[in-house]
Amino acid sequence: MRNLLNFLLKHDHWLLFIFLEVVSFTLLFRFNNYQGSVFFTSANYVTGVVCEMAGNVTSYFGLRRVNRDLMMRNVQLELEAQRLKSLLYHYEKDSTQVALVNRYLEDTYSVIPARVVNNSIVRTDNYLTIDKGEADSVYAEMGVVCGTGVVGIVYQASAHYAVVLSVLNSKSSISCKIKRTDYFGVLKWEGGSSQYAYLRDIPRHSEFSLGDTVVTSGHSAVFPEGIPVGTVDDMSDSHDGLSYLLKIRLFTDFARLNDVSVIGFQGAAEQANLEKSIK
């Protein structure tokens with residue numbers, strides 16, 4: 001209390017000046033119509049600007065959650081659309097079969113949202129780490145996607161984290177196909193730009209055009225059919241001249257990767273065990 005009194009006494013002239021200024025402005029704006037209108041107009045403008053800035057800040061911090069929700073919805077819709085396309089081929093206009101297909105989708109695939117906590121794109125063998133692991137039902141050999149396309153395959157998982165073998169890895173090999181014509185090959189990354197990979201082993205008699213969309217083929221237990229991969233940007237002959245080598249511009253921007261989803265196929269273990277038994 002004594003310190004407060006000492007402060008007031010020490011700066012009494014400044015306090016008196018501020019008080020008189022407040023009184024002067026109050027009398028000026030209250031009893032003069034023109035000055036009053038200018039004041040309220042300016043005050044409303046300043047208030048509007050402040051509210052707009054506050055709203056922008058709030059919206060910015062809310063974008064992460066919105067983007068994650070949209071990404072999850074995109075992945076789920078892509079899975080649903082591709083599965084419906086294949087299963088409804090024989091059951092058009094049959095509402096009972098539509099319900100059965102929807103139930104089949106829920107029982108066949110699980111989608112687990114995750115966030116990228118570490119990522120690399122400039123090495124020969126690139127990996128990324130996500131914040132979900134075995135405690136969240138994430139295991140090795142599960143596919144990882146984002147809202148725009150394929151990301152990679154889970155390589156190892158601990159209780160709460162998992163390391164993902166990125167598409168940008170020399171060891172990565174994903175079965176993909178031309179969406180329009182169904183001719184398939186193997187997607188490999190050969191280093192260089194993170195925006196491009198190559199689709200190998202495309203038959204010489206296959207049909208495709210520059211700009212065609214490439215999707216996952218569904219010929220494995222990792223990725224379901226129809227997950228977007230990229231578009232055909234260029235073509236050349238393979239090294240042995242027996243097939244085509246297609247340059248694919250990837251949909252996934254690995255340099256800005258934040259939110260992903262892990263896709264679990266319920267029958268993956270059974271399929272893998274059966275295939276191993278005949279090798």
Side-chain angles (χ1 to χ4, degrees), residues 68 71-72 75 78-79 108-176 184-201 214-230 248 250-277 279:
R68 184 173 61 250
M71 185 271 298
M72 281 290 299
V75 172
E78 188 68 38
L79 290 173
T108 304
Y109 294 102
S110 61
V111 180
I112 305 166
R115 182 159 183 80
V116 177
V117 296
N118 192 16
N119 189 15
S120 64
I121 62 171
V122 297
R123 302 172 184 171
T124 303
D125 295 319
N126 294 287
Y127 296 87
L128 55 95
T129 306
I130 58 176
D131 63 352
K132 295 295 174 64
E134 294 179 350
D136 307 288
S137 300
V138 173
Y139 303 98
E141 300 300 323
M142 295 178 71
V144 181
V145 301
C146 66
T148 55
V150 169
V151 173
I153 301 173
V154 175
Y155 183 66
Q156 289 182 346
S158 63
H160 302 290
Y161 294 93
V163 175
V164 178
L165 187 73
S166 169
V167 170
L168 308 181
N169 191 302
S170 63
K171 301 182 183 69
S172 175
S173 181
I174 300 174
S175 178
C176 300
F184 65 90
V186 178
L187 186 74
K188 299 284 292 185
W189 187 63
E190 299 185 355
S193 173
S194 63
Q195 295 180 311
Y196 297 95
Y198 290 87
L199 191 60
R200 298 179 177 179
D201 303 330
V214 176
V215 298
T216 53
S217 66
H219 295 167
S220 72
V222 179
F223 291 104
E225 179 185 359
I227 299 296
V229 174
I248 308 301
L250 302 172
F251 286 138
T252 301
D253 187 351
F254 287 88
R256 301 176 60 186
L257 199 58
N258 291 305
D259 297 302
V260 297
S261 290
V262 182
I263 299 178
F265 174 47
Q266 306 300 338
E270 179 181 352
Q271 179 178 340
N273 290 333
L274 178 62
E275 292 172 348
K276 287 180 180 178
S277 66
K279 292 182 179 180

For the residue pair His219 and Phe184, does the interplanar ring angle fall in the parallel (under 30°), tilted (30 to 60°) or perpendicular (over 60°) class?
-> perpendicular
When rounded to the nearest 0.5 angstrom, what distance separates [atom1] in [X] from [atom2] in [Y]?
X      : Y      : atom1 : atom2 : answer
Asp201 : Ser175 : CG    : OG    : 10.0 Å
Ile248 : Arg200 : CD1   : CZ    : 12.5 Å
Ser220 : Ile153 : OG    : CD1   : 7.0 Å
Asn258 : Asn119 : CG    : CG    : 9.0 Å
Ser261 : Ile112 : OG    : CD1   : 9.0 Å
Gln195 : Leu168 : CD    : CG    : 10.5 Å

Contact summary for [X] and [Y], nearest pair of heavy atoms:
X      : Y      : value
Thr148 : Thr252 : OG1-CA, 3.6 Å
Cys176 : Leu199 : CB-CD1, 3.8 Å
Lys132 : Val138 : CB-CG2, 4.0 Å
Cys146 : Val151 : N-CG2, 3.6 Å
Ile227 : Gly149 : CG2-C, 4.4 Å
Val222 : Glu141 : CG2-O, 3.7 Å

Any non-hydrogen side-chain atom of [X] less than 4.5 Å from a side-chain atom of [Y]?
X      : Y      : answer
Asp259 : Val116 : no
Pro224 : Ile263 : yes
Val150 : Val167 : yes
Phe254 : Ser166 : yes
Val154 : Val163 : no
Leu128 : Ile121 : no
Ile130 : Val164 : yes
Val111 : Val262 : no

Test item: [X] side-chain N/O and [Y] main-chain N/O as donor-acceptor pair under 3.5 Å:
X      : Y      : answer
Trp189 : Tyr196 : yes
Thr129 : Val117 : no
Asn169 : Asn126 : yes
Lys188 : Ser170 : yes

Partner set under salt bridge (charged side-chain N to carboxylate O under 4.0 Å, His left out) for Asp131, not counting sequence neighbours | none
Phe251 atom CZ, over 12 foreign heavy atoms within 6.0 Å | yes
Check step by step if side chain to side chain contact (heavy atoms under 4.5 Å, CB included) holds for Leu165 and Tyr127.
-> CA-CA 5 Å; Leu165 187 73; Tyr127 296 87; 3.5 Å; yes
